[in-house]
Amino acid sequence: MASSSALTDSRASSSAPTRSRASSNALTRSRVRSAWMFMIPMLAVLALVAGWPLLRTIWLSFTDATLDATSNAQFIGLANYYNATWGGVLSDPMWWNSVWNTLWFMGVSVSLELVLGLALALLLNQAFRGRGLLRAAVLVPWAIPTVVSAQMWGWMLHDQFGVINDMLMTVGFISDPIAWTAGSTTAMWAVVMVDVWKTTPFMALLILTGLQMLPSDCYEAAKVDGVHPFKVFWKVTLPLLKPAIMVAVIFRALDALRIFDLIYVLTSNASSTMTMSVYARQQLVDFQDVGYGSAASTMLFLIIAVLTVAYITLGKVKLGSEGQS
Amino acid sequence: MKILKRLGLWTAIAVTFVISVFPLYYAFITSFEFGSALFTPSYWPKMFDLTNYISVFLEQPFARNILNSIIVAVTVVAISLFLGVTAAYALGRVAFRGRAALLLTVLSVSMFPQVAVLSGMFELIRSIGIYNSLPGLILANLVLTLPFTVWVLTTFMRELPKELEEAAFVDGASPVQLIYHVFLPLMWPAMVTTGLLAFIVAWNEFLFALTFTLSNDMRTVPVAIALITGGSQYELPWGAIMAASVIVTVPLVALVLVFQRKIVAGLTAGAVKG
């Protein structure tokens with residue numbers, strides 16, 4: 001906000017010598033008017049594809065709509081969320097199971113991606129021959145479509161013919177093949193592993209950009225003083241990297257909270273890996289219960305909104321470049 | 001000590017390299033295996049059989065699926081860039097009241113969970129009569145690509161020197177001329193970056209494509225790959241799945257590697273600055 005008013009001030013003062021105040025105001029007004037003209041198409045499309053469907057989803061969550069009849073649905077209040085006769089989303093143990101699965105997945109995968117991404121960024125920040133090649137190789141998992149990486153790993157983790165079981169048995173870690181994606185305890189770890197494999201590069205690249213912007217004089221001073229590199233990392237690098245890390249974490253966390261395709265392809269609708277998105281889609285499409293599914297979708301939307309606002313407020317993350325400049 | 005450090009560095013490099021590349025490599029060698037060879041894990045190529053590649057195109061409408069994906073992704077990119085660059089001019093170059101709030105709204109849309117618009121979008125698409133068709137997918141995909149296109153292009157637009165439009169306005173240029181003759185030539189690099197990112201998003205999109213299509217020949221590539229089925233219900237045709245995976249991944253990986261620097265720049269403009 002501060003920068004936008006500064007912008008107007010500087011513009012007004014720079015044009016003051018050449019033009020009279022009145023004509024400058026008229027120019028500003030016409031510029032603002034044309035600015036709105038330029039934004040209207042974008043805003044209209046955004047309202048059509050985001051605003052309207054979101055409002056309809058929220059509305060449908062208060063109705064008994066089914067997939068083949070959304071238009072003549074009856075308003076039933078909060079019954080899809082909670083009611084005394086058949087429960088509703090909030091009293092469905094499967095819903096709470098999927099909430100827990102999603103939060104667990106987010107916590108574990110984002111932590112692992114942060115730690116590994118930081119390590120990878122530090123590695124890519126070293127000078128060594130073939131750094132360009134390694135940087136390219138690291139981008140490969142990120143470039144592979146999620147569905148494809150789910151299938152590739154599904155094949156590698158295959159219980160009978162999978163190469164992972166073969167490796168582990170050759171080395172002697174396990175004696176019998178493990179059904180990675182079918183077992184209730186291993187399935188979620190399999191999902192975490194694929195997600196970490198695929199998205200750590202994203203985390204690493206964001207952190208690497210932050211690393212390369214760090215002032216080098218701090219490090220020279222630390223080197224002259226003979227401070228241990230480990231201490232330099234903790235006391236200098238990490239605090240300076242914090243803003244970049246906070247933003248990378250929130251982007252990853254939001255992605256993790258809405259995860260759908262990886263889980264759907266790797267383990268389909270299994271309850272041990274069911275996340276909120278998978279649960280909502282199953283209700284909506286497979287069970288054709290649009291009202292109930294919309295209630296679950298709305299809950300997911302609310303949970304994400306609350307967590308985002310909490311994170312931004314508590315972490316004092318500056319998302320807008322308005323705040324930064 | 002120094003040797004030990006070198007050794008540690010090169011071990012880390014080697015491990016990172018192998019972990020990054022192995023799954024694609026393994027899919028690649030599997031895609032050429034057929035019959036019993038498929039069911040004994042091997043780490044080196046042991047046969048070169050194109051059966052899987054042929055079966056993907058003969059037993060599935062995979063060529064059609066690729067065409068669908070290209071049509072959807074290219075159209076979505078074109079619409080997003082057009083709407084994005086005009087809006088970015090307004091949001092990045094003109095100071096007006098409510099600009100920060102508008103930008104925040106656009107950003108918050110990109111944080112939407114896709115599922116939250118699913119039932120509303122389903123209803124919308126069916127009421128317009130574009131269910132199970134490519135226009136339906138194009139419309140749905142805009143919710144994913146448009147917000148970050150606007151956001152990233154606004155970030156780039158704001159960094160261009162201010163003197164540009166002042167000179168143009170003194171010369172009496174209209175805003176449309178300004179965008180077309182002054183900003184567009186300068187925005188090309190940013191538009192290539194943003195367009196590539198939007199293309200990747202649209203190309204990989206799965207949930208909408210799965211939900212808003214019904215028939216095999218309307219599916220896009222990710223849905224086709226996820227739903228490939230073989231002769232028997234219990235056995236997935238892994239060879240064909242890997243062949244299809246390789247076909248769609250190799251061009252994408254090549255694209256990303258060629259445009260590495262641009263893509264990284266776009267990602268950081270969207271995240272670190274954004």
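In what follows, chains carry the letters A, B, and so on, assigned in the order in which the sequence lines appear, proteins first and then strands, with residues in each chain numbered from 1.
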Checklist entry - Angle class for the B:Phe183/B:Tyr89 ring planes (parallel below 30°, perpendicular above 60°, tilted otherwise)? => result tilted
Checklist entry - Which answer fits A:Ser34, side chain, backbone, both or neither, if we ask what part of it has an atom under 4.5 Å from a heavy atom of chain B? => result side chain
Item to check | Under 4.5 Å from any heavy atom of chain B - which part of A:Leu46 | outcome: both
Item to check | Modelled atom types, side-chain donor and acceptor of A:Thr57 and A:Ser297, under 3.5 Å | outcome: no
Checklist outcome for this item: Turns out that what part of A:Val138 lies under 4.5 Å from chain B's heavy atoms comes down to both
Next on the checklist: Using 30° and 60° as the class boundaries, would you call the ring planes of B:Phe112 and A:Phe301 parallel, tilted or perpendicular?
Outcome noted: perpendicular
Checklist entry - Which region of A:Val32, side chain (C-beta onward) or backbone (N, CA, C, O), has a non-hydrogen atom less than 4.5 Å from a non-hydrogen atom of chain B, or is it both or neither? => result both
Next on the checklist: Are A:Phe161 and B:Trp238, when compared by the centres of their aromatic rings, separated by less than 6.0 Å?
Outcome noted: no
Checklist entry - Side chain, backbone, both or neither: which part of B:Val109 has a non-hydrogen atom closer than 4.5 Å to chain A? => result side chain
Next on the checklist: Using heavy-atom distances under 4.5 Å, tell me whether B:Val150 contacts chain A through its side chain, its backbone, both, or neither.
Outcome noted: side chain
Checklist entry - What part of B:Leu142 is in contact with chain A, defined as an atom under 4.5 angstrom from a non-hydrogen atom: side chain, backbone, both or neither? => result both
Next on the checklist: For A:Met167, which atoms come within 4.5 Å of any heavy atom of chain B: side chain, backbone, both, or neither?
Outcome noted: both
Checklist entry - Is it the side chain or the backbone of A:Phe260 that comes within 4.5 Å of chain B heavy atoms, both, or neither? => result side chain
Checklist entry - Side chain, backbone, both or neither: which part of B:Phe82 has a non-hydrogen atom closer than 4.5 Å to chain A? => result neither
Checklist entry - Relative to chain B, which segment of A:Trp155 carries a heavy atom at a distance below 4.5 Å: side chain, backbone, both, or neither? => result both
Checklist outcome for this item: Honestly, the part of A:Trp59 sitting under 4.5 Å from a heavy atom of chain B is neither
Checklist entry - A:Leu116 versus chain B, heavy atoms under 4.5 Å apart: side chain, backbone, both or neither? => result neither
Checklist entry - With a 4.5 angstrom heavy-atom cut-off, which part of A:Leu120 approaches chain B: side chain, backbone, both or neither? => result side chain
Item to check | Structural part of A:Ile304 lying under 4.5 Å from a heavy atom of chain B | outcome: side chain
